[in-house]
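Every chain is numbered from 1 and lettered A, B, ... according to where its sequence line falls, protein lines coming before strand lines. Because the structure is a prediction, the values reported are computed rather than measured.
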Amino acid sequence: MDQEASFLLALNEEQLRAATHNPSSTLQILAGPGSGKTRVLTSRIAHLILNCHIPPSAICAVTFTNKAANEMRERLTKLLGKTRVSQLKMGTFHSLCARFLRKFAKLVDIPDNFTVCDAGESKKIITALLKTREKDLKARGLSLEPGQCASLISKAKSRCLSAQDYLEEAKAHMHSKTSSADIPSSLETVVGEVYVQYEATLRRNSALDFDDLLIYGVKLFSGHPLTVSWCQHILVDEFQDTNITQYELMRSIAESARCITIVGDPDQSIYGWRAAEVENLAKMRRDFPNTAQVFLEENYRSTASILDASLEIVSQDTKRINKSLYTAHPDGISPVLYQVQKEQEEAAFIAIEIKRLVAQMGGSFRWGDFAILLRYNALSRNLESALQREGIPHRILGGRRFFERLEVKDVLAYLQLVDNPAFSPAFLRVINVPGRGIGEKTLLEIQQRAEKAEKSPLQLLEGIFDMRLPDNKPSIRKKITTFVQVMRKLQKSAKEGMGPSDLISQLLDLVQYEDHLRKTQPDWETRWENVKELITFAKEVEEQNLRDAATREASADVSSLDVEMSPLRQFLQVSMLSSAGDNDTEESSQEKVTITTCHSAKGLEWPVVMIPSVDASTYPFIRSEDEDEERRLLYVACTRAKALLYLTRSTTRMVAGDQKARGLSKFIQAIMENCATQNKMPLFRQHVPHLELEDRAIICNVLQRPEPVESEVEGMVEGFRRLGREHPPQILWTPAGQPLNPVQATWPFAPSLAHAASASNPIHSLPLPTFGRPVVPHLARSSATSARSIAPCDESRSSALPSYREPTTQPLPPVTVVPASSFSSHTLRKEPSPASFQPASSRPSKPIFSSTEETSTLNMTNAARSGTRTPQSKRAFDLAVARPPVAQDRSKVFQPSGNASISRRPLTGQLPTPPLVKDNSTPKPLAAPTPPPPSTNTVAATAPQGVKRRLGMAPRAAGGYSNKKFKAPTL
DNA sequence: CCGCAGCGCGTTTTT
DNA sequence: CGCGCTGCGG
């Protein structure tokens with residue numbers, strides 16, 4: 001092992017074993033959440049290159065998302081340097097296949113200018129195909145939705161079944177009278193026929209859909225072994241989410257070397273709906289009998305109480321193979337369950353709580369430390385409103401939403417057509433954009449004529465334009481003139497090598513796209529912004545390409561993949577295969593609360609995670625067929641949290657315009673009941689944690705951050721208190737069932753409409769001191785207690801601690817409604833609120849859209865609408881109701897020195913006796929109630945501004961926490 | 001061909 | 001409630 005191998009020293013025993021396992025064999029790394037699998041994967045790659053002397057270009061690393069690929073690339077660059085990393089074959093299955101297919105298109109009989117067809121376009125094609133069968137189906141009493149049909153075809157492709165295979169399978173079903181689980185066999189035949197036509201359509205259009213990229217990849221690699229002979233080792237991340245085709249792909253790439261490393265966790269398998277096969281883990285061991293397994297069971301991410309609760313969720317699955325997972329981290333704050341009556345209250349709770357936590361952590365949390373994880377995107381509505389109202393900067397990692405917007409798709413369609421004139425989905429999209437008086441009828445005629453002449457629609461129009469072909473009776477030549485001219489101009493520019501960003505600019509100019517938006521779209525301004533955003537994106541891609549080309553040149557990488565691609569084609573491919581959030585590594589995103597789905601949160605982590613809508617219709621999701629997968633999904637979401645985890649729900653949900661009652665998610669209900677009947681300490685606490693010095697110490701310890709200075713905490717807490725925010729009244733879970741009585745008190749959300757509207761004045765938000773680099777006396781202690789610095793100690797791992805349980809919880813009293821927190825116990829007044837304050841610059845540039853594509857509009861007005869002002873004192877809430885004697889928080893285990901007592905113990909749900917239990921059940925107000933300040937200026941003035949701090953030592957590098965650019969969030 | 005009004009429907013997850 | 005689709009009139 002040479003001296004470059006210092007990276008291996010950072011690994012624990014198991015990680016090291018995984019990273020350095022015999023490179024010429026197959027290996028499965030089964031890694032629980034937060035067990036450092038990315039680190040192991042990158043270390044293994046570095047090991048292969050530095051110690052085993054495998055050339056980087058002979059290594060293939062596959063990730064599930066582009067984001068994961070980018071992160072891995074970043075980490076590897078630190079270990080290996082740019083040059084070597086650029087030579088790695090790295091990316092998602094889809095992007096890798098696309099790159100190889102461009103280069104070797106001829107070998108699998110496709111044109112090299114193929115267009116990647118997105119799901120929307122696929123669906124449109126299928127809709128059109130189904131339309132011709134509508135009557136036939138109806139006559140036979142059958143019905144087939146385009147979406148359903150598309151998904152069946154996609155699933156077939158995910159199993160590596162061609163249209164013919166599928167039809168045969170359908171036939172077999174018919175004869176044996178065994179119908180497939182999804183549909184009756186009579187429909188299956190229809191789907192098979194549509195599948196045949198769909199394939200033909202794609203080929204005619206020189207298009208591949210997402211699944212085709214994989215299928216043709218398999219064809220290429222298995223039919224032409226020379227195209228993968230470079231591969232000496234392939235590594236696959238998130239293996240539990242691969243489907244059969246991806247497995248075949250992996251196998252064909254590994255065909256000659258047979259050296260494979262995979263990382264996976266069956267507990268985190270959440271893509272079954274997309275035909276992922278957890279079975280692949282077993283299949284791999286059958287196909288490669290010498291496959292070794294390494295288990296990574298130590299969690300470095302979360303506090304013990306978060307891990308405990310998460311495991312309690314996932315282990316409800318009786319079929320699950322029990323796996324151990326432990327942490328050396330302290331218990332920390334137990335996960336919070338907070339239930340309210342209305343969805344708006346739930347959103348408001350989250351927004352207020354984020355602010356409260358920021359204050360209580362005295363600037364050690366920034367907005368980017370918070371994530372709100374949703375079951376589906378549409379749940380973001382209320383949250384956006386609430387966050388906007390509170391002036392909390394946030395971003396929606398809506399996945400690919402950006403590339404699905406009308407204006408973005410329009411522009412892309414033009415460019416697709418430039419690159420691939422045969423691609424009629426793009427033609428159909430833009431032929432009448434901007435309006436050229438070409439409607440359904442004209443279009444139909446064009447399509448029919450094109451079909452007859454065996455030409456693409458664009459070719460036909462060019463013929464008519466050049467008068468090589470006759471015009472139609474009502475002339476269409478006039479209508480299409482500008483269109484053809486535009487296309488020709490763009491094609492010429494593209495041929496001359498013009499980059500995509502300039503091409504877009506030229507296009508926008510030629511078709512007067514801004515005018516078109518202004519005329520047709522009510523929210524044309526944001527849409528125009530998006531178009532400009534696309535140009536920026538294009539520029540970034542261009543620059544990246546140039547950089548890559550430069551490093552490639554320097555390294556004389558012969559086996560490189562992307563050399564021959566035109567910048568336009570490159571850009572289109574990246575656009576189709578990446579989601580908006582992928583390249584979102586900008587610092588700006590660090591300053592924003594992240595809202596995203598549980599699915600796309602996979603592999604990510606945040607100090608604070610909040611999961612709303614933990615109700616019976618969402619977890620498991622009503623329409624989901626696989627309850628176990630839903631449970632795992634919640635598990636994945638919970639295990640994203642490092643220090644604090646919140647589950648919230650409202651007892652009613654708006655469905656179809658009116659409120660419907662909804663119960664607590666059964667996954668959580670079961671846990672609550674369990675704890676109650678077994679008289680166990682609840683795994684979820686039902687009041688918001690009041691963070692004390694020791695809590696901050698533990699949190700900062702887990703996050704490997706310096707602790708805040710107490711004066712800072714006091715200042716920010718006071719600032720928060722002055723905002724007068726209160727948590728909406730809580731509905732307590734009780735063992736007997738709930739809720740007893742709905743809350744009668746109306747709960748007006750603090751900022752009035754008037755304030756929300758006049759929010760242009762940002763003064764009312766407190767400009768709090770920025771956070772320098774404090775000297776942190778606890779730092780040494782923090783690192784001493786941090787998990788990583790504890791030497792692996794095997795006996796403690798296996799030895800079960802005495803299953804001792806302290807009878808802690810008194811049966812809960814029949815209180816159902818609890819007022820808000822007792823933190824802001826003064827009257828709500830004309831307190832200037834930061835309601836909806838958000839400087840234009842910090843507003844998300846990718847606008848907040850509703851879940852549906854294209855026609856969605858910015859929905860800011862709703863936020864303002866929902867608050868009704870009730871200038872009544874909320875004091876009653878604070879004073880009248882005593883804190884319920886909720887169970888003591890076992891997280892409050894600490895030693896007077898502030899040194900958290902840390903035991904390395906398996907998480908069994910049974911607790912060792914705490915040496916000292918601090919009762920947190922009657923939190924005191926942070927400060928005596930004071931009358932609200934008379935004016936905004938006072939607020940600003942009283943804020944402790946400009947407190948200068950000494951610069952201290954830099955935080956531990958391992959923590960990855962740099963407060964160089966860090967500004968304390970402004971409340 | 002385009003814009004508007006009315007109606008019915010229904011809210012997943014992603015490369 | 002908001003979206004998309006349909007049918008009608010300019």
Name the nucleic acid region contacted by [X], choosing base, sugar-phosphate or nothing; use a 4.0 angstrom heavy-atom cut-off, strictly under.
| X | value |
| --- | --- |
| A:Asn432 | sugar-phosphate |
| A:Ile438 | sugar-phosphate |
| A:Glu629 | nothing |
| A:Tyr271 | sugar-phosphate |
| A:Thr442 | sugar-phosphate |

Length of the line joining [X]:[atom1] and [N]:[atom2], which is rounded to integer Å:
| X | N | atom1 | atom2 | value |
| --- | --- | --- | --- | --- |
| A:Phe621 | B:dT13 | CZ | P | 8 Å |
| A:Lys479 | B:dC2 | NZ | C1' | 12 Å |
| A:Leu374 | B:dT11 | CG | P | 17 Å |
| A:Glu145 | B:dT11 | CD | C1' | 15 Å |
| A:Tyr619 | B:dT12 | OH | P | 13 Å |
| A:Leu379 | B:dT13 | CG | P | 9 Å |
| A:Asp211 | B:dT14 | CG | C1' | 11 Å |
| A:Asn377 | B:dT14 | CG | C1' | 10 Å |

[options]: which one has an atom nearest the side-chain heavy atoms of [X]?
| X | options | value |
| --- | --- | --- |
| A:Arg381 | B:dT13, C:dG2, B:dT15 | C:dG2 |
| A:Arg623 | B:dT11, B:dT15, B:dT14 | B:dT11 |
| A:Thr65 | B:dT13, B:dC2, B:dT15 | B:dT15 |
| A:Tyr376 | B:dT12, B:dT14, B:dC2 | B:dT12 |

Stacking between A:Phe210 and B:dT15, defined as ring centres under 5.5 angstrom apart with planes under 30°, is that present or not? yes
NZ/A:Lys479: more than 12 non-hydrogen atoms of other groups inside 6.0 Å: yes
Sequence-distant partners of [X], side chain to side chain donor-acceptor pair (under 3.5 Å), two or more places apart:
| X | result |
| --- | --- |
| A:Asp209 | A:Lys157, A:Tyr198 |
| A:Asp112 | none |
| A:Gln268 | A:Asp265, A:Arg640 |

Distance, C1' atom - from C:dC5 to B:dT12, rounded to whole angstrom: 22 Å
Could you tell me how far B:dT13 sits from C:dG4 if I compare only their P atoms? Round to whole Å. 15 Å
Residue mapping more 5' on DNA chain B - nearest nucleotide basis, A:Thr520 or A:Glu630: A:Thr520
Ranking A:Leu443 and A:Phe93 by the position along DNA chain B of their nearest nucleotide, the one closer to 5' is A:Leu443
If the condition is salt bridge (Lys or Arg N to Asp or Glu O under 4.0 Å), which residues does A:Asp211 pass it with, not counting sequence neighbours? none
With sequence neighbours excluded, residues passing salt bridge (Lys or Arg N to Asp or Glu O under 4.0 Å) with A:Arg375: A:Glu630
Axial cation check for A:Phe114 ring with A:Arg102, 6.0 Å and 45° limits: yes
Determine the stems involving DNA chain C; a stem requires 3 or more consecutive pairs of the Watson-Crick or G-U wobble kind, each with both distances below 3.5 Å, and the answer is none if no such run exists. B:1-10 with C:1-10
Does a nitrogen or oxygen in the side chain of A:Ser600 sit under 4.0 Å from OP1 or OP2 of B:dT14? yes
For residues A:Lys67 and A:Ser600, report the shortest heavy-atom separation together with the two atoms involved. NZ-O, 4.5 Å
